[in-house]
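Take a look at the structure set out below.
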Amino acid sequence: MTDDNWVVLTAAGGTTRADRVVSWRRIIVQSVLAVLVVFGVAASAGTIAARQAAESESVNDALTVTDLLAGAVVTPALEDALLSPDAATAAAARERLGGVIEPGVLVGAIVRTKIWTPEGTIVYSDEPRLIGRTFPLGDDERAVLRTPRTRADVSDLDEPENQYERSDSKLLEVYRPVWTPGGTTLLFETYSRYDAVTDRSGQLWRGFASITISSLLLMLVLQAPVTWALVGRVRRATLQREQLREQAMAASDEERRRIAATLHDGVVQDLTAGAFAVAAAAGKARSTPGSESLAERLDSVAGTVRAGVGSMRSLLVDIYPPSLVDSGLAAALEDLVTGLRERGTAVEITVEPAVELSPDVESLLFRVAQESLRNVAKHANASHVVVAVTGAVTLEISDDGVGFDPAGVVPDGHFGLRVMADLARNAGAMLAVASRPGGGTRWRLEKKI
């Protein structure tokens, strides 16, 4: 027999009719989750968009302010003496320039100013330690000197010329060319706190968030009646489909019952009567001298008719088990294994229900047992089969046949396996199989009642 390496085909509490009907609670939860997902995506996109818009706006503001300061404050205060080789003359010019720049430029977000020569020497800064030092200008700074325009960048505070600005975590630098009265080109540079970008981003985001949240809420309110109506339609359609399915199953059972009754009361009775009549004729022929050959042929015909009656009775059990309703599950299972026993297969049946079984549960156990025993008859080539109904409620069917590899048929399976799985799933029962090639097969059905 097989080991206990079970493969679960359907889990207990599987999809029942109640599960297949759309749940209002599930729809509400899904709708709320969908709104939260949309809100999260919109919030993320809005934050990025607000950040970019704020940065762009802040950069434009800084460009405008630096242009105005360069044209209205710095350029008029520049002197050619600022570049004088005489240290005293240059210092006096710087002092006069600082008297203009410090009160007129170092206001608001601007925290540092620098004026450079094209060679990279700082000739003025509100940080005295930088004056006179030379640092290589970047490509962007040199391009601004070649083609006059105003440009802004986030400062790289790791650069040596920015060593005294590192107390700030992030700065925005704006630079443009200015000219001395003698026409010498210099580079004017301002450094502004990046907090302005962050503050502006927050302002834009708060405005964007209010619009986004109100729009989402409005969308939810407008969609609620439509969603409610659609869910109602889906629920009604699901209920109608389940009702039609149950009606179809009931009609199928009724039709099978009618066919079985017609065959039992008609064809089976006629064949049985015919078998008795042929047997009687064979007996009469044996008592008539010279009719021995006829008697043998009549006996053969009688045997054939009796075999046909037996096959017909087995077919009736397959079509509809009258003993399931009349005599209960144990008698119906005995009817099911008649064919196996006639083929010489030893079958043991044990039915020990812990509680009284409802007709639906008895029908489930019977139909699963029926499909399993069909597989045994067709494929297992077994010599011994055990059918046991125990507990509340467990059905086990085991055989010592050829077995199979469950991995080769699960989850698609063949038709009989799919039938059993569907029966168990619709009833909310657990169905499992344990088998291996050459090791027999075990089926286990568990149904909570």
I want to check something: taking the side chain as every heavy atom from C-beta on, are E189 and E173 in contact at a cut-off of under 4.5 Å?
yes

Hey, does the Lys NZ or Arg CZ of R112 hover above the aromatic six-ring of Y164, less than 6.0 Å from the centre and inside 45° of the axis?
no

Return the set of residues passing side-chain hydrogen bond (donor to acceptor under 3.5 Å, both in side chains) with E296 (not counting sequence neighbours), or none when no residue passes.
none

Side-chain contact, heavy-atom cut-off 4.5 Å: S398 with W443?
no

Could you list the residues that satisfy side-chain hydrogen bond (donor to acceptor under 3.5 Å, both in side chains) with T113, not counting sequence neighbours?
D126

Is the side chain of T262 donor-acceptor paired with the backbone N or O of R258 at a distance under 3.5 Å, no angle test?
yes

Check the pair V385, L373 against side chain to side chain contact (heavy atoms under 4.5 Å, CB included), reporting the backbone distance first and the verdict last.
CA-CA 9 Å; V385 179; L373 292 172; 4.0 Å; yes

With side chains defined as the heavy atoms from C-beta onward, is the minimum distance between L69 and I110 less than 4.5 Å?
yes

Any sub-3.5 Å donor-acceptor pair from S125's side-chain atoms to E127's backbone N or O?
yes

Let me know which of T66, T150, D153 forms a side chain to side chain donor-acceptor pair (under 3.5 Å) with Y175.
D153

Do S435 and D405 get their side chains close enough for a donor-acceptor pair, meaning under 3.5 Å?
no

Classify the side-chain pair S293/R297 by whether it contains a donor and acceptor separated by less than 3.5 Å.
yes

May I ask you to check whether E141 and W116 show a side-chain donor-acceptor distance below 3.5 Å?
no

Which heavy atom of V386 sits nearest a heavy atom of H384, and at what distance?
CG2-CE1, 3.4 Å

